[in-house]
Amino acid sequence: MIDNLSRRTFLEGTAAVAVGGAAVASALAADEVMAWAAGEGDAAAASGTVRQAPSLCNGCSSKCGLVGTTVDGKLWTVEGAKDHPYSKGTICGRGHGVVQMAYNDERLTQPLKRAEDGTFAPISWDDACREIAEKVNAIIAESGPEALCLIHDPRPSGKYYGPRFLNALGSANVYTHGAACNASKESGITYAVGASNFSVDFGKAKMVMFIGRSYGDAIRPSSVQSLASAADAAKRIVVVDPRLSNSAIFATDWVPIKPGTDIALLMAMANVLIEEDLYDHDFVENYSIGFPEFAAQAVACTPEWAEEICEVPADTIRELAQAMAKAAPAAAVEPSWRAAFGCSYANSFDTARAVCAVNALLGSWGQEGGALLTSSPKAGDIDKTRFPSVPKPQAKRVGDAEYPLVLSGMGSNLAALQAALDGTMRGFFFYNSNAAQGYANPKVWREGLGKADLVVTIDVQMSETAVLSHYVLPECTYIERMELPEFIGGKKHYVGLRTPIIDRVHPDTRSCDEIFTQLAQACGVGEYFDFTLEELAAAQLESVGTTLEEVRTAGTVELADPGFAYGVPKFKTESGKFEFSNAKVGEAGLNPVIGYVPRLVEAQGDELYLIAGKQGIHSHTMTQNIASMNAISREYDLERLWMAAADAEARGIADGDLVEMTSSEATGQVRVRVTERMRPGVVFMPSHYGGTSPYQTRACGFGLNTMDFVPFRMEPGVGSAMSQEVAVTVRKVEA
Ligand SMILES: Nc1nc2c(c(=O)[nH]1)N[C@H]1C(S)=C(S)[C@@H](COP(=O)(O)OP(=O)(O)OC[C@H]3O[C@@H](n4cnc5c(=O)[nH]c(N)nc54)[C@H](O)[C@@H]3O)O[C@H]1N2
Ligand SMILES: Nc1nc2c(c(=O)[nH]1)N[C@H]1C(S)=C(S)[C@@H](COP(=O)(O)OP(=O)(O)OC[C@H]3O[C@@H](n4cnc5c(=O)[nH]c(N)nc54)[C@H](O)[C@@H]3O)O[C@H]1N2
Ligand code: SF4
Ligand SMILES: [Mo]
């Protein structure tokens, strides 16, 4: 099976032909595929009825716009939508690969119930929903609705239906994947500038510094395009990363930093900007608060001090700060995303604030070529009689008291796990989430979910989380369903829509709206779901000045111009200014002033720091079992652990050797990729491997999952996973 689906098949797929693995291969003669891939054919040349429909990719949270073409109802191609702001006519390799999920031979096709012995048997939708409702109502009667929670990585419909369902049951316990992704970063940025993220004005920037964030690996097509054009314009692009990532081809400088110490580099840059009087006095005096306290802390953070911590030479730090000041205000530190300070270390929240502080000293906020705060559209008021509001749950979300700084839209899902371990969280719903494989150490999830009375997973595949569930409800894939509109912000505003590209391959699968509506009806709260998806979508779109018909045809529609203009933005902080200091951060027990916080774990003896990251063709854990993508990983040995040549030599390890990696939590074997592209003292694990679901035969047992090696702990203030606070030993396995 695997061998038949070669890399060539996949690459043909990425060139033009989307596909569907074995199930659709029979529908397309091989020579037709080749002709199409080579650009010799077009859809009309294929015999059969050709149809096109707009949709949004589900390969990652970017949800790029795409257009799907079918021939006789079978998927033929997917291409990026030209007018979508993220795809701009292109989708990435994952976009072509993930679409094959629809035809996957190991998809979920019907609802399943777990028996005492751990095996799964089919159950009807009606029976599953009735049994789930009985358990939900028993939990509510015994422990209150606050013993129920939903953990999701929300998709357009999921954002609406999931929280509405939980709130209707009376629970506020809705969590995203954020604690394993970008919760620290977005929360930190919020406490400095009053918005959860910002962008860099690449087109006009003279110098940009990346902390970790790799556009060349963790891809979004529009970001790669903007970086490529910045590089063409011969700008200075600095990549701070313990690993020479694939973004390096666009970079002028690689700064191989010790993991988890970026905050020392940033504080030392602030020190240079202040001590050498290179900072923007007008911005600091008129648009910020807390500068004197910040400067008092930065005074000790000299480049020589930082060199001891982050192991970047003091002269390099000084030169970077001076060059940024020279390019300012058309210079900025980029906001990054996951690995460097999204959720990885004890200091991630503060690292995000330090990034904002450097941009403040550069006077970069809102300026041409600088750090921009833009706005996002959302649906306006809709008819409350047709779409009634759900009463606000009485109890606050579990975890918000312990982790008060986390963004309200995210919460700490790990606090819910902790409550399960403590026996107080009794019912879990997972939607589009493989939490048990990726949000914290899987053995802790197994223990926590093992104590719960009810675990329900809504997925398209038998994920590791599904395996731990009492009920598994199969959703149809994103190319088989319509969803609510997806609103997209930036300098301009847009709305996109997922419409069905193909009919449902498996008739017993359902869409998100159908599943939550049936669950709500079964649980006795159906009155909040008494409308169709189309009615709601139409109402939302009319509230922003367009119509369902228009968006259904076009896929992406530009909304009213938000009137973006350069200039210092109105910061939506409590003070209305940039905040070098914030009282709420102090009340949460952290340093109110932006300043240095050390990483938690220091490598001892011959230990190495373990970091992780994305590969261009994979998305988290969800693509590991897709036949063609798994075949590429196997053909190119992509699951290997990256190790610096010097570290390998010291341990007698050669490229391709099998090694054993051990942390306080786990031991596992994997082969090594010996490279000069790693900083010594650090190993890098691609984050898409180590599957354990026996129902996903291609992914199961292939490579290692980093999260197995990471202790279960939460970052103070925000409750993130601290997924890189870990050191490991690595030794050669003798043949
Ligand atoms: N191909 C692909 N692209 C994706 C995704 C995917 O699954 N696959 N997922 C999307 C999502 S949800 C996210 S959150 C983003 C993530 O986007 P990124 O954060 O850019 O991606 P990562 O690969 O996690 O990390 C990027 C780089 O950070 C480096 N790094 C690790 N630790 C440190 C550190 O302590 N300091 C510094 N300076 N660098 C460090 C790694 O070596 C890696 O090269 O990607 C998005 N795009
Ligand atoms: N091991 C590991 N852990 C990680 C990461 C990683 O790369 N590796 N990345 C981290 C980051 S940055 C993030 S953002 C999070 C991401 O965390 P998740 O959003 O949980 O991402 P995945 O691990 O890919 O799991 C997504 C799940 O959704 C299912 N799914 C796919 N399509 C659909 C659909 O249409 N409907 C439904 N209902 N389900 C669907 C997939 O089968 C899969 O089980 O994980 C974090 N943790
Ligand atoms: S970046 Fe790639 S995987 Fe993510 S939504 Fe866009 S095309 Fe899909
Ligand atoms: Mo993420």
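Every number for a ligand or one of its atoms is a count from 1 in the order of the listing. Residue numbers count from 1 along this sequence.
Using a cut-off of 4.0 Å between Lys/Arg side-chain N and Asp/Glu carboxylate O, Glu639 and Arg671 are scored as salt-bridged. Checked for salt-bridge contact, Glu475 and Arg481 meet the test: a charged N lies under 4.0 Å from a carboxylate O.
In Leu66, neither the side chain nor the backbone holds a heavy atom less than 4.0 Å from any atom of ligand 3.
Near Cys57, with a cut-off below 4.0 Å to any heavy atom, the atoms of ligand 3 are 3 (S), 5 (S), 7 (S), 8 (Fe). Each of the atoms 1 (N) of ligand 2 lies under 4.0 Å from some heavy atom of Asn705. Near Tyr431, meaning under 4.0 Å from one of its heavy atoms, ligand 2 places the atoms 38 (N).
For Ala435, no nitrogen or oxygen atom sits less than 3.5 Å from a nitrogen or oxygen atom of ligand 2, counting backbone and side chain alike.
At least one heavy atom of Arg481 lies less than 4.0 angstrom from ligand 2. The closest approach between any non-hydrogen atom of Pro221 and ligand 3 is below 4.0 Å.
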Report task. With ring-ring contact (aromatic ring centres under 6.0 Å, His included) as the test, would you mind laying out the steps for Tyr431 and Tyr161 before giving the verdict? Result -> CA-CA 10 Å; Tyr431 175 71; Tyr161 282 90; 9.7 Å; no

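Scanning the protein heavy atoms around atom 1 (S) of ligand 3, the nearest turns out to be Ile219 O, 3.3 Å. Counting protein heavy atoms only, atom 33 (C) of ligand 2 is closest to Asn432 OD1, 3.2 Å. Among protein heavy atoms, atom 2 (Fe) of ligand 3 sits closest to Cys92 SG, 2.3 Å.
At a cut-off of 2.8 Å, Cys60 is counted among the residues with an N, O or S atom near atom 4 (Fe) of ligand 3.
One option in Gln437, Glu464, Lys614, Met462 has a heavy atom closer to atom 9 (N) of ligand 2 than any other, and that option is Lys614. Across the listed options Asp459, Thr623, Leu108, Asp459 owns the non-hydrogen atom lying nearest to atom 42 (O) of ligand 2.
Thr697 and Glu106 are linked by a side-chain donor-acceptor pair at a separation below 3.5 angstrom, with hydrogens and angles left out of the test.
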